Amino acid sequence: MDFKESLEYVVKNRIRNLSAEIPVLNDQSLLADYHPNYKKQSFKMLDFGANKGDYLPTELADALKYNPKAEIFDLPHYETDVLIIGGGGAGAAAAIEAKKNGAKVILATKFRFGDSNTAIAKGGISAAISDADSPEIYFDDSFSGGHQKANQKLLKILCDKGRQSIEWLQNLGVNFDKTRDGKLIVNAVGGATKKRLLSVKDHTGLEIIKALKSKVLSDNITVLENHTAISLVLENERVTGAIFTSPDKVEQIYIKAAAVVLATGGVGSLKCGGFPTSNCHGITGDGLSLAYNVGAKLINAESLQYHPTGAAFPDKLLGKLVTEKARSLGARLINATGECFVNSMSSRDTVTAAIIKECESGRGVKTEKGVGVWLDIPMIDLIMGDGTVKSDLPSLYKMFKAEGVDITTEPILVYPTLHYQNGGLQIDEHCQTTVKNLFAAGEVAGGIHGENRLMGNSLLDIIVFGRIAGENAAKISKKI
Ligand code: MEZ
């Protein structure tokens with residue numbers, strides 16, 4: 001349908017749609033018919049390695065084969081107890097904890113320290129901190145959200161360590177949003193039965209990475225920027241370091257380490273299934289291929305998360321994240337004829353499938369480059385009071401305003417965007433991969449979220465498992 005005509009329906013139906021009661025969906029056949037994870041024609045069989053015979057999204061299967069030739073060095077350029085590869089939230093948390101546990105630490109990252117998906121994470125971090133909530137309820141929500149496929153031991157650790165992780169971040173200086181009387185504000189999470197999303201407006205990840213970075217630097221941890229890891233070194237079936245390209249890409253650099261932590265993030269930049277991405281640039285599954293090529297096993301790696309609300313228009317914003325917090329504050333998803341077609345707070349994969357269904361069934365709005373459905377953000381101020389959009393979603397407001405769209409008065413067009421890898425490297429409760437002395441934390445690791453991660457669980461994951469990986473890597477390095 002034509003953009004203008006459709007927009008009129010959205011405005012006309014706004015008050016009716018605000019009170020439309022739509023049940024939270026949990027529909028397996030909707031997923032099977034419309035979710036990209038179920039489109040097996042875009043998958044490819046792995047023909048080598050520990051998961052040989054498994055089917056993965058084609059782009060990821062190809063990326064795992066990337067195994068550039070590394071030089072062999074007699075002497076290392078650097079030697080350390082713990083080498084952390086990755087400069088986002090999980091890497092920084094691991095570095096802080098490894099150092100606290102007495103290890104000499106080097107953190108090497110292919111960009112500048114902090115340039116990562118953590119820095120652009122918007123909505124917030126989940127934790128069971130309200131009186132109505134508990135780690136057990138949190139576990140049940142996340143386990144069913146992940147289709148009962150999560151490793152229960154790992155998920156329990158995540159849910160149990162929520163409160164402690166929030167306090168740790170607060171001690172590092174993260175100032176989560178509070179009510180006037182000083183209580184932490186918790187917002188709703190899609191697919192969850194309790195409110196548990198803590199935020200710093202809609203730039204939560206930025207505040208977290210700033211705090212982590214300050215701590216790493218004040219702890220005098222060595223940080224090597226613009227170092228791209230190209231290979232892990234394996235001796236007697238143990239990882240003993242990694243080879244990097246130097247910042248000028250002219251030479252290779254060998255860092256010898258008693259233990260290595262991979263914290264390299266996921267696969268957003270691979271644009272799997274032809275989707276745009278909400279990720280920052282350069283998120284190319286590096287840690288997965290480094291580890292897979294020394295024998296590590298993957299778990300749920302076929303399962304990717306397509307965030308329901310990537311920007312679909314203006315074209316310049318294609319794929320950029322429109323935070324779920326907008327829906328959690330009350331914005332609803334509306335199709336081309338002005339109908340509210342899904343409960344916006346259903347689980348992420350369900351909402352994604354519902355949007356794709358609307359668009360494939362001709363109930364989407366055509367844009368120059370594609371199609372989308374409406375997210376009626378002006379509903380937020382009607383529900384929460386004037387000024388809420390600007391005060392609670394300032395980054396989103398500015399992102400659209402810069403392109404000439406005022407989201408306080410205009411709905412926006414959205415379509416799913418590649419956001420997250422639900423699975424990754426198989427780890428145990430110590431973040432140990434299936435290869436000795438190789439640890440993994442954050443998005444590169446798998447098992448915690450099963451086949452669909454709930455909102456806010458990734459920022460908690462990077463803190464909880466980043467710290468566990470750092471601590472255990474430090475301990476192992478002392479035993480060698
Ligand atoms: O956990 C996430 O992926 C998240 C909070 C994203 C968002 O919509 O802001």
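These figures come from a predicted structure and were not determined experimentally. In listed order, ligands and their atoms are each counted from 1.
Residue contact annotation: His419 has a non-hydrogen atom under 4.0 Å from ligand 1. The shortest separation from a heavy atom of Arg348 to ligand 1 is under 4.0 Å, placing the residue in contact.
For the atom pair OG1 of Thr337 and CD of Glu339, the computed distance is 4.5 Å after rounding to the nearest 0.5 Å. Distance check: Lys122 NZ to Leu206 CG gives 8.0 Å after rounding to the nearest 0.5 Å.
Using a 4.0 Å cut-off between a side-chain N of Lys or Arg and a carboxylate O of Asp or Glu, Asp376 and Arg14 qualify as a salt bridge.
Of all the atoms in ligand 1, the ones that sit under 4.0 Å from a non-hydrogen atom of His307 are 6 (C), 7 (C), 8 (O). Taking a cut-off of under 4.0 Å to the non-hydrogen atoms of Gly456, the atoms of ligand 1 that pass are 1 (O), 2 (C), 5 (C). Which parts of ligand 1 touch Glu324 is read off a 4.0 Å heavy-atom cut-off, strictly below it: atoms 7 (C), 8 (O), 9 (O). Proximity to Gly124 (heavy-atom distance under 4.0 Å) selects the following atoms of ligand 1: 5 (C).
In this structure, His35 and Tyr38 have perpendicular ring planes: the angle between them is above 60°, well past the 30° mark.
Under 4.0 Å from ligand 1, the heavy atoms of Leu321 that appear belong solely to its side chain.
Among protein heavy atoms, the minimum distance from atom 7 (C) of ligand 1 is reached at Thr323 OG1, 3.4 Å.
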